[in-house]
Amino acid sequence: MNKHSFRRLLLGVLVGGLTLAVPLFQAQAMTVSPVRVELAGDPGKSVGGFFKVINEEQEAKTLYTVFENFEPMGETGSPSFKTGNEGLASWITAPKEVTIAPGETKTVDFAVNIPADAEPGGYFAAIFLATTPPDISGNQLSIGARVGTLLLFRVNGDIKEGGALLEFKTKDNNSWYNSLPVNFYYRFQNSGADRVMPKGSLNIKNIFGMSTKVINANLGQGNVLPRSIRRFELWWQKGTDSTIVPELQSNKLGFFEAAKYQWNNFAFGRYRADLDISYGTKSEKVVSSFVVWVFPWQLLLIELVGLIIVLVVLGFIIKRYNKWIIRRARS
């Protein structure tokens with residue numbers, strides 16, 4: 001794979017992961033765009049969609065379509081793909097195979113045929129293009145690789161919405177820190193019938209009630225699928241918001257290294273973290289707060305010792321100066 005191919009593949013995987021943390025698989029130098037398709041339709045209707053597949057290899061490729069439902073696995077947002085003859089995967093029709101010439105970008109059309117008795121709500125599947133054909137049962141063989149796009153589908157109607165903030169605190173429920181970063185998290189439960197995307201902010205306020213940092217509560221724009229719980233990690237750190245885990249805490253370093261780290265990641269005193277998020281079509285709100293203390297004791301101890309040394313030296317200088325003034329006055 002050349003450098004250009006790798007970058008395009010990496011970009012596609014990252015975009016998909018920001019939404020549902022879904023691992024998409026590479027089939028040689030094949031990529032798809034977009035990595036997520038969102039559609040909606042009424043019961044009994046047919047809805048069309050498409051995505052593009054790009055062959056960046058030097059030879060023609062034949063890929064085979066496979067449809068799989070997915071549901072959340074744990075609280076990380078990662079999916080569990082499942083084959084079967086029901087759900088959204090069974091509603092999709094598309095060409096059974098796609099042949100792509102070297103360097104070609106081909107559009108793959110598909111349709112979603114919604115059953116007349118389909119319940120309103122969210123349905124989720126993946127359309128994979130695999131290097132090996134499925135077996136006679138329609139399931140993908142274990143040999144080979146595949147790329148795919150996620151299909152987030154909504155059946156229109158009276159869709160129930162519901163959500164709750166189950167927990168908001170710091171990692172290990174810790175309230176005392178020597179420096180930034182501070183790792184917060186919250187757990188959101190979706191009890192409704194369609195996916196929701198929590199939106200809002202985490203506002204860090206100092207002891208005087210002044211805002212010192214406002215953090216995006218869902219920087220990765222992660223969805224919470226129906227009847228599931230998802231955990232969102234938030235980092236209060238220096239610089240801009242990031243989904244990348246920051247450096248280790250200063251308590252894992254030596255004394256002077258920790259003091260230097262605390263200087264570069266300085267915070268001091270009592271802080272209150274106010275989480276304010278909304279969800280759903282009616283922007284229902286949920287709020288919570290958590291108090292943390294930041295006490296960079298290694299840095300403060302060095303500063304205290306330095307201050308004592310300065311005061312002692314200054315006192316010594318003043319004392320010597322006074323004696324010199326007295327001697328001069330007597331002469």
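Scope of the values below: all heavy atoms of this structure, side chains included, with no hydrogens, waters or symmetry mates.
For N173, the CG atom sits in a packed shell: over 12 heavy atoms of surrounding residues, nucleotides or ligands are nearer than 6.0 Å. More than 12 heavy atoms of other residues, nucleotides or ligands lie within 6.0 Å of CZ in F255, so this atom counts as buried by the packing criterion. Heavy atoms of other residues, nucleotides or ligands lying less than 6.0 angstrom from NZ of K52 number 12 at most.
To the nearest 0.5 Å, the span separating CG on L129 from NZ on K61 amounts to 13.5 Å. The structure places NZ of K169 at 9.5 Å from OG of S175, a figure rounded to the nearest 0.5 Å. Atom-to-atom distance recorded for L88:CG and I114:CD1 is 9.0 Å, nearest 0.5 angstrom. In this structure, the separation between CG on L39 and CZ on F50 is 10.0 Å, given to the nearest 0.5 Å. Distance CD1/I325 to CD1/I318: 12.5 Å, rounded to 0.5 Å. Here the CZ atom belonging to R36 is positioned 4.0 Å from the CD atom belonging to E38, to the nearest 0.5 angstrom.
Using modelled atom types, one side-chain atom of T131 and one backbone atom of A145 make a donor-acceptor pair closer than 3.5 Å. A distance-only check finds no donor-acceptor pair linking the side chain of N223 to the backbone of L225 [under 3.5 Å]. Within the 3.5 Å criterion, the main-chain N or O of S288 finds no donor-acceptor partner in the side chain of D274. W91 places a side-chain N or O within donor-acceptor distance of the main-chain N or O of G87, the cut-off being under 3.5 Å. A distance-only check finds a donor-acceptor pair linking the side chain of N190 to the backbone of D194 [under 3.5 Å]. Not a single donor-acceptor pair under 3.5 Å links the side chain of Y279 to the backbone N or O of K199.
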Side-chain atoms of residues 103-113: list all donor-acceptor pairs with protein atoms under 3.5 Å, sequence neighbours left out, distances to 0.1 Å.
unit_1, atom_1, unit_2, atom_2, d
E104, OE1, A101, N, 2.7
K106, NZ, T99, O, 2.6
N113, OD1, S46, OG, 3.0

Original post:
Are Y64 and F128 close enough, and set up right, to give a ring pair (Phe, Tyr, Trp, His ring centres under 6.0 Å), and what steps lead you there?
Top reply: CA-CA 8 Å; Y64 305 88; F128 287 116; over 10 Å; no
Subject >> Test side-chain contact (heavy atoms from CB on, under 4.5 Å) applied to M210 and K205, step by step >> reply: CA-CA 5 Å; M210 300 174 60; K205 297 179 179 179; over 6 Å; no
Original post:
Checking side-chain contact (heavy atoms from CB on, under 4.5 Å) for the pair T31/V53: CA distance, chi angles, key distance, verdict?
Top reply: CA-CA 6 Å; T31 56; V53 58; over 6 Å; no
Subject >> Step-by-step side chain to side chain donor-acceptor pair (under 3.5 Å) determination, T212 to N206 >> reply: CA-CA 7 Å; T212 62; N206 61 24; 5.9 Å; no
Subject >> Chi angles and distances behind the side-chain contact (heavy atoms from CB on, under 4.5 Å) call for L304, L300 >> reply: CA-CA 6 Å; L304 178 59; L300 294 178; over 6 Å; no
**OP:** With side-chain contact (heavy atoms from CB on, under 4.5 Å) as the test, would you mind laying out the steps for L165 and Y186 before giving the verdict?
**Re:** CA-CA 7 Å; L165 182 63; Y186 67 92; 3.7 Å; yes
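The only member of W293, F295, Y271, W297 that meets ring-ring contact (aromatic ring centres under 6.0 Å, His included) when paired with W176 is W293. Checking E303, E257, K260, Q262 one by one against Q298, the side-chain hydrogen bond (donor to acceptor under 3.5 Å, both in side chains) holds for a single residue, Q262.
Looking at every heavy atom in both residues, F70 comes nearest to A126 through CD2-N, 4.2 Å. Residues N216 and L234 share a closest heavy-atom pair of O-CD2, 3.6 Å. Closest approach of A267 to P296, counting heavy atoms only: O-CD, 3.5 Å. The two residues N55 and E59 have their closest heavy-atom pair at ND2-O, 3.0 Å. In this structure, P72 and S228 approach most closely via the heavy-atom pair CG-CB, 3.4 Å. The two residues F67 and T93 come nearest to each other via the heavy atoms CZ-C, 4.4 Å.
A salt bridge links E167 to R187: one of the charged nitrogens lies within less than 4.0 Å of a carboxylate oxygen. Ion pairing between a basic and an acidic side chain is recognised when a charged N comes within 4.0 Å of a carboxylate O; E68 and K82 show no such pairing. In this structure, E119 does not pair ionically with K160, as no charged nitrogen and carboxylate oxygen lie closer than 4.0 Å.
Outside the 6.0 Å centre-distance limit, the rings of Y123 and F153 are not counted as a close aromatic pair.
Residues F268 and L299 share a hydrophobic cluster, clusters being chains of Ile/Leu/Val/Met/Phe/Trp/Tyr side chains in contact below 4.5 Å. In the hydrophobic cluster analysis, where Ile, Leu, Val, Met, Phe, Trp and Tyr join through side-chain heavy atoms closer than 4.5 angstrom, I317 is grouped apart from I326. Note on V224 and Y185: separate hydrophobic clusters, where clusters join Ile, Leu, Val, Met, Phe, Trp and Tyr whose side-chain heavy atoms are under 4.5 Å apart, directly or indirectly. Under the 4.5 Å side-chain heavy-atom criterion for Ile, Leu, Val, Met, Phe, Trp and Tyr, I309 and F316 are members of distinct hydrophobic clusters. Linking Ile, Leu, Val, Met, Phe, Trp and Tyr residues whenever their side-chain heavy atoms come within less than 4.5 Å places V98 and V147 in a single cluster.
A heavy-atom distance below 4.5 Å is found between the side chains of T170 and V182. Residues I277 and M197 form no side-chain contact, since every pair of their non-hydrogen atoms from C-beta on lies 4.5 Å or further apart. Taking the side chain as every heavy atom from C-beta outward, V214 and I204 never approach each other to under 4.5 Å. The shortest distance between side-chain heavy atoms of W236 and L180 falls below 4.5 Å. Side-chain contact between L166 and I229 is present, with at least one heavy-atom pair separated by less than 4.5 Å. Y177 places none of its side-chain heavy atoms less than 4.5 Å from the side chain of N265. Contact of the P198 side chain with the F232 side chain is registered, since non-hydrogen atoms from C-beta on lie closer than 4.5 Å. Here the side chains of F184 and F168 are in contact, with some heavy-atom distance below 4.5 Å.
Annotation: cation-pi pair R230/F188 absent, no NZ/CZ under 6.0 Å from the ring centroid and within 45° of its normal.
Looking only at atom types and distance, the side chain of D42 has a donor-acceptor partner in the side chain of N156 under 3.5 Å away. In the model, E97 has no side-chain atom that pairs as donor or acceptor with a side-chain atom of T65 under 3.5 Å. For the residue pair E233 / N183, a side-chain donor-acceptor distance below 3.5 Å is found, with atom types taken as modelled. S201 and D276 share no side-chain donor-acceptor pair at under 3.5 Å.
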